Amino acid sequence: MGPAPAGAKHRAAAGDPEVMELALEDTRQEGKKEYSKKCTLVGSPMESLLQPVKLSQAELYKEPTNEELNRLRETESLFHSSLLRLQVEELLKEVRLSEKKKERIDAFLREVNQRVLKVPSTPKTQLTDQTWLPAGVRVPLHQVPYTVKGSFCFLPPAQVTVVGSYLLGTCVRPDINVDMAVTMPKELLQDKDGLNQRYFRKRALYLAQLAHHLGQDPFFGSVRFSYTNGCHLKPSLLLRPHGKDERLVTVRLHPCPPPDFFRLCRLLPSKNNVRSAWYRGQSPPGDGSPEPPTPHYNTWVLQDMALESHVQLLSTVLGSALGLKDGVALLKVWLRQRELDKGLGGFSGFLVSMLVAFLVSTRKIHTTMSGYQVLRSVLQFLATTDLTVNGISLCLSSDPSLPALADFHQAFSVVFLDSSGCLNLCADVTASTYHQVQHEARLSMALLDSRADDGFQFLLMTPKPVIRAFDHVLHLHPLSRLQAACHRLKLWPELQDLGGDYVSAALGSLTTLLEQGLGSRLHLLAHSRPPVLEWDISQDPPKHRDSGTLTLGLLLRPEGLTSVLELGPEANQPEAADFRQFWGFRSELRRFQDGAIREAVVWEAASMAQKRLIPHQVVTHLLALHADIPDTCVHYVGGLLDALIQSPKEASNTKGHMVVSQSGELVMVPNVEAILEDFAILGEGLVQAVEARSERWTV
């Protein structure tokens, strides 16, 4: 008797025992299937991965859909491989904000906007009369010199707008920062506030009033001060939510003047807006010499004026082009892994966004490109374009009154102009930092072109701090010694321009000095400054010496590294005096085998390990001679591998050989067993040396 039809059990009588038994059996089978499905779902991840996927014959050999074909074509044209595409997509998922968090952040921003607009006004007083400030708040600015003209009264902001990457959709996790521009009313400012730090004093007092009232609001879990991109003249106010959302977002308030309030012609890089008589307390010279220009000071004022225009430009360029936004996000991750976006003078994510806008305007990037293609295009541009020599500009105007790129190159190391033609976006970026960006871009392009399987891991997932990127690293501490270096190097115009920041003032001269001294030994010199931490609104702002340690990294060339001789010009040449002045007492006249009498410097180095550390002697000698920085303030890290490549136990020559008789003659041949024993001893010594020095490698 064959099996019953599929619907037989439903048509049979309900009381039929055979039918009931079959129904129960079917129920048991279905229960087993459901139980097995549940076990598969709730099992361990490894078990679920090992379960084979059962597909029918038709499913195995069915034709791909149009969507799958389009995805394959995109992968072939936009990515190197399917694996790289999956890795990039997963990374972007990790760094993007979820919609739920965006909703919570938007709600917090609306509350911040309402509370900022409700801060009450204060009576009008002189800038030097700050008795109206409450006792629980300090001015977040070093007011040196204290005496300055002008008056101040707090008025509610004319406008509070969200600017920056959050509005553009290009911010990346884990640290979500939202920038808000707080536009000060015109009645608060005067036409000559651009002179002698008056605008920056009013800006700091405006922040102090905001901090006092918002700090009393229980809606905020944290109200603190910080510096904008490490600039000591431009503090900002940091607001965080209360309760469990305290780590959700940090809102940064940036007071700014109304658009076009200050005349652009007064803020060009060749103009002076910090008078020497006010800053240095000295009367101007009677010979009629002009005041030194203050290009960085002028740029910081222009930056506040251009906040909204830059956001509008980026919003127009990026718009709905998801590939451009993904490319900006990948570039930010690339910069963060290499610590190139930190502190004053870093190559920030904002600069990368503006660089993408420039490449779109020059048609080197198209809006239909993928994020990976945008990443490659920007890295290729950075690797092949030296902005320290040939600057670029977003300005399309042909106005003859605008300064030329050559004028900006005289005032700044790196030049990248915005759409106004008056603001250098890379004003704070040093030549050393940009050359490091170029070097990393070249390495990244070589890695991408090699199509290595682990290229993505090295490119975007592996941190590369200074200790990993350079052969030798030196730390200058304490930073207060750089103040004496500024006096020794006579950097008064730089101090006047940078508002007394002697670390930034001395940095350019020190890097130039070391590059000249190391010469052909050096491939790349870069610096790293730790970002200034936040501080409470009731505390005084940190001083320049409180910013930690100035770190310099040296990437050395193997050729000429171990040379103990610095060969100078012949004694009768005019360059000999400059050579003696540069090297000081180290320079001496020497007669060489060819009969020439030259200036020369000879370094003390007996072993090869000591020769590899000759850059240490060069650095300490030049810093002490020209910058008045003693060797006790230079903490040099180099040659740590020398102990690893030296055997802890010397193997005897006789042990590594043995005498054997061949054709009646005694011949010395290698003793393989003894050599293997020596290698075992060497291996044990290497392990011990690594364990002993593991703490020294910790950064």
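All values reported here derive from a predicted model rather than from experimental measurement.
Between Y279 and V144, the shortest heavy-atom distance links the atoms CE1-O, 4.2 Å. Nearest heavy-atom pair across G164 and V311 is N-CG2, 3.5 Å. The nearest pair of heavy atoms linking F225 to R138 is CE1-O, 3.6 Å. When every heavy atom of V139 is checked against every heavy atom of P541, the shortest pair comes out as O-CD, 3.5 Å. In terms of heavy-atom proximity, L155 sits nearest to P185 at CB-CG, 3.8 Å. Listed here is the closest heavy atom pair of H254 and T228: ND1-OG1, 3.5 Å.
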- List the steps, then state whether salt bridge (charged side-chain N to carboxylate O under 4.0 Å, His left out) holds for D191 with R266. CA-CA 11 Å; D191 184 48; R266 294 183 178 179; 3.2 Å; yes
- Evaluate the side chain to side chain donor-acceptor pair (under 3.5 Å) criterion for residues T549 and R529: first the C-alpha distance (whole Å), next the side-chain angles of each, then the deciding distance (0.1 Å), finally the verdict. CA-CA 7 Å; T549 301; R529 295 180 60 181; over 6 Å; no
- Query: Do S276 and E291 pass the side chain to side chain donor-acceptor pair (under 3.5 Å) test, and can you show the C-alpha distance, the side-chain angles, and the key distance before you say yes or no?
  - Reply: CA-CA 7 Å; S276 301; E291 291 275 0; 2.7 Å; yes
- Take Y199 and N273, measure what side chain to side chain donor-acceptor pair (under 3.5 Å) needs, and give me the verdict at the end. CA-CA 11 Å; Y199 163 71; N273 283 291; over 6 Å; no
- Query: Yes or no on side chain to side chain contact (heavy atoms under 4.5 Å, CB included) for Q130 and Y146, after CA distance, side-chain angles and deciding distance?
  - Reply: CA-CA 11 Å; Q130 301 173 6; Y146 186 77; 3.7 Å; yes
- Task: Start with the C-alpha distance between V317 and L314, add both sets of side-chain angles, then the distance that settles side chain to side chain contact (heavy atoms under 4.5 Å, CB included), and finish with yes or no.
- Result: CA-CA 5 Å; V317 174; L314 291 175; 5.6 Å; no
- Task: Mind running side chain to side chain donor-acceptor pair (under 3.5 Å) on T551 and H527 for me, showing each step along the way?
- Result: CA-CA 6 Å; T551 302; H527 58 82; over 6 Å; no
- Message: One pair to check against side chain to side chain contact (heavy atoms under 4.5 Å, CB included): L417 and I392. What are the steps and the verdict?
- Response: CA-CA 6 Å; L417 303 185; I392 57 178; over 6 Å; no
- Test side chain to side chain contact (heavy atoms under 4.5 Å, CB included) applied to L253 and L214, step by step: CA-CA 12 Å; L253 300 184; L214 298 180; 4.1 Å; yes
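Around the CZ atom of R280, the shell of radius 6.0 Å holds more than 12 heavy atoms that belong to other residues, nucleotides or ligands. Atom CG of D399 is surrounded by more than 12 heavy atoms from other residues, nucleotides or ligands within 6.0 Å.
Using a 4.5 Å heavy-atom threshold, the side chains of L239 and M180 count as separate.
Side-chain atoms of Q209 and H213 include a donor-acceptor pair closer than 3.5 Å. With 3.5 Å as the limit, one finds no donor-acceptor pair spanning the side chains of S509 and T512.
Residues H310 and F350 bring their aromatic ring centres within 6.0 Å. Not less than 6.0 angstrom separates the ring centroid of H232 from the ring centroid of H142. Ring centers of Y227 and W535: under 6.0 Å apart, within the cut-off.
Contact check on E246 versus R240 returns no salt bridge, with no Lys/Arg side-chain nitrogen under 4.0 Å from an Asp/Glu carboxylate oxygen. Ion pairing between a basic and an acidic side chain is recognised when a charged N comes within 4.0 Å of a carboxylate O; D304 and R203 show such pairing. Between R104 and D245, at least one side-chain N (NZ, or NE/NH1/NH2) sits under 4.0 Å from a carboxylate O, which counts as a salt bridge. Look at K149 and D193 and you find no salt bridge, because none of the NZ, NE, NH1 or NH2 atoms lies under 4.0 Å from a carboxylate O.
Ring planes of F152 and W132: parallel class, angle under 30° (limits at 30 and 60°). Ring geometry, W300 versus H296: the interplanar angle falls from 30° to 60°, so the pair is classed tilted.
Between the side chain of T385 and the backbone N or O of L382 there is no donor-acceptor pair closer than 3.5 Å.
Figure legend: R115 and F219 shown as a cation-pi pair, the cationic atom lying under 6.0 angstrom from the six-membered ring centre and within 45 degrees of its axis.
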